[in-house]
Q: 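To start, I am sharing the structure in question, which I have written as structure tokens.
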Amino acid sequence: MTDQQSVEAIQKEPNGELDAVIVGAGFAGLYMLYRLRNMGLSVRVFEAGSGVGGTWYWNRYPGARCDVESVQYSYQFSDALQQEWDWTERYATQPEILRYANHVADRFDLRRDIQFNTKVTAATFDEATRRWTIQTDGGAKVNAKFCIMATGCLSSANTPRIEGLETFRGPVYHTGRWPHEPVDFTGRRVGVIGTGSSAIQAIPVIAEQAAHLFVFQRTPHYTVPARNAPLDPEVRRQIKAEYPALRSNAKQMFAGIDLKLNPQSAIEASPDERQREYEARWQNGGVAFMGAFADLLFNADSNATAAAFVRNKIHELVRDPALAEALSPRYVIGCKRLCVDTGYYETYNRPNVTLVDLGGKSIEAITPTGVRVRGKECAIDALILATGFDAITGALTRIDIRGTSGKKLSEKWYAGPRSYLGLMTAEFPNLFTITGPGSPSVLTNMLPSIEQHVEWIADCIGYLAQHGMERIEPRVEAEDNWVAHVNEVAGANLRSSCSSWYVGANVPGKPRLFMPYIGGFPVYVKKCNDVVAAGYEGFSLS
Ligand code: N01
């Protein structure tokens, strides 16, 4: 549907009024649309990109793939869908995941309700009419009873303020806003700022093409090998045969995915046992490395054994000991999100790759022809910002969202996000946040977390309709208690102990507190269900 057709379609609806507006056509927005439309609601999705897929639409950098296994990083709401789709690799590439998102959009005929190339700029609640007015960058205004933010946790690109960045004469790319056409680095000197998951996936691929690659590292990240491989058709057949059991088992797990957690304590195991367990997981590959022992994120001494194991691996893989040392993190493993790579450390053995260690400091300045570090310019032809996202809250606070008091959401969240269950926030009735702050979101397999939120929201809207009600808002006390609980649980987990995007540390000026809920997926789901069973306890309904 073109913009014009889309606007016309909205205008054909009585008074331009909708039951619901959904912001974003990634996996959350697509499924939300599917559910609400099946309930007979009039729904419009606004999507800034020209296609569906969200994260997988924007993050097209070389080497981009999901580090959750493909057979689990997929929808489960439709058995027919999960039976008909064939993932080709253990970890799907970005193009394959994008094909899947497009397949879902076509299969369920979702596009006709999505308006592409349209950014939502503002949303205002009117208490008199109990409706939201949603404004887009094209100047259109629509009116809806419910406003559902499916804006993603890692979608608002973080471009650091570095002196002189705008003066650089060559092309500048952000991994989270990569061009749609192929970028050729052949014969060019390329600089990459950042060493998080995106950089760690991109660096080995770009190093094979570029004349020289300079990696500007502020803080080294821990990464474990992916051990990616094509999916054996027989394994795929077996998984499909056992999908219901696999999915329901995963939902009983802390992260909504089975990491084969070993219930033992690392510190109570013998050195030999630890070595065997870590080695087996290192060889098997992937984030299940952190499932080696149950207390890795709760006991600093236990954590130190896993961190030391990975540092030893870095020293085995990188030939130059000084370089290996510079690449070796010294903080809690798993505190910044564990990365998963293919040949990352080995890439530093290449003669055309140079690590520029910033020693914990930001880049000093960008010049028209390069990057200046400690007073010396490193000449480059192209610059890649692998500098991550204004995570979890950025996509929400960048929109001018105003609730009952007229206060902006960004003002309410000035000292950090406040929500009830990560689903709603007081003073903003009928505004839902799919995988919002205060929900497990990024600490889990995102797809089941998205599905759980979408189903909760759809059921809630259905409940209001069945009971002749049209307004829901969290009570302030319930929100306060939830925020306190989120903070308390975070305080007991080593994940909150370092500078990471989980605590907003990567964005200067952002309030520092642990944003996702780290109580585990099953505990969280039970809480959401209990709230409903108790008649939407903690919410005001009218
Ligand atoms: O971003 P990041 P990302 N000067 O924030 C550095 C998901 N993801 O896009 O560590 C110099 O992790 C910054 O340094 P420091 C995944 O959840 C998933 O890589 O803050 N450096 C860091 O090295 C992941 O965690 C997949 O000191 C600066 C880097 O930039 C999340 O997205 C794939 C700087 C940013 O790392 C974000 O990953 C890719 C400055 N001024 C991503 N500012 C999957 O496979 C920032 N940095 C599912």
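Ligands are counted one by one from 1 in listed order, and the atoms in each one are counted from 1 as well. Every heavy atom of this structure was used, including side-chain atoms; hydrogens, water molecules and symmetry mates were not.
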Q: Measure across V373 and E364 and return the closest heavy-atom pair with its distance rounded to 0.1 Å.
A: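 It is C-OE1, 3.7 Å.
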Q: Looking only at heavy atoms, is any part of F389 under 4.0 Å from ligand 1, and if so is it the side chain, the backbone, or both, or is it neither?
A: side chain
Q: Checking E455 against Y31: is there a side-chain donor and acceptor pair closer than 3.5 Å?
A: yes
Q: Contact between ligand 1 and H221 is defined here as a heavy atom of the residue under 4.0 Å from a ligand atom; is it met?
A: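 The answer is yes: ligand 1 sits under 4.0 Å from a heavy atom of H221.
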Q: Run the numbers on Y278 and T305 for side-chain hydrogen bond (donor to acceptor under 3.5 Å, both in side chains), then give the verdict.
A: CA-CA 9 Å; Y278 291 140; T305 65; 2.7 Å; yes
Q: Strictly by modelled atom types, are R512 and S496 linked by a side-chain donor-acceptor pair under 3.5 Å?
A: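 No - no donor-acceptor pair under 3.5 Å links their side chains.
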Q: Examine A386 against ligand 1 and note whether any of their N/O atoms are separated by less than 3.5 Å.
A: yes
Q: State whether the shortest distance between N or O atoms of K336 and N or O atoms of ligand 1 falls below 3.5 angstrom.
A: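 N/O-N/O distance below 3.5 Å exists for this pair.
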Q: Tell me whether ligand 1 is touched by Y502 - counting only heavy atoms on the residue side and a distance under 4.0 Å.
A: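 False for this residue.
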Q: Checking R60 against Y57: charged group under 6.0 Å from the ring centre and within 45 degrees of the axis?
A: yes
Q: Answer yes or no: does an N/O atom from D67 fall short of 3.5 Å to an N/O atom of ligand 1?
A: yes
Q: Regarding ligand 1, does W501 bring an N or O atom to under 3.5 Å of one of the ligand's N or O atoms?
A: yes
Q: At a non-hydrogen distance cut-off of under 4.0 Å, which region of T219 contacts ligand 1 (side chain, backbone, both, or neither)?
A: both
Q: Tell me whether ligand 1 is touched by I193 - counting only heavy atoms on the residue side and a distance under 4.0 Å.
A: yes
Q: At what distance is the nearest protein heavy atom to atom 4 (N) of ligand 1, and which residue and atom is it?
A: I363 N, 3.5 Å
Q: Tell me the protein heavy atom at minimum distance from atom 39 (C) of ligand 1, and give that distance in Å.
A: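 The protein heavy atom lying closest is Y61 OH, 3.2 Å.
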Q: Quick one: does ligand 1 sit under 4.0 Å from the side chain of P160, the backbone, both or neither, non-hydrogen atoms only?
A: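 Side chain only.
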Q: Measure from atom 18 (C) of ligand 1 to every heavy atom in P220, P508, S362, S197 and give the option owning the shortest one.
A: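 The option holding the nearest heavy atom is S197.
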Q: Which one of K361, R65, E364, R218 has a non-hydrogen atom at the shortest distance from atom 46 (C) of ligand 1?
A: R218
Q: Any side-chain donor-acceptor pair under 3.5 Å between R218 and S362?
A: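 A donor-acceptor contact under 3.5 Å links the two side chains.
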Q: Around atom 36 (O) of ligand 1, find the nearest protein heavy atom and jot down its residue, atom name and distance.
A: G196 CA, 3.6 Å
Q: Do we see a donor-acceptor contact under 3.5 Å between the side chains of S74 and Q82?
A: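 Not at all, the side chains of S74 and Q82 share no donor-acceptor pair under 3.5 Å.
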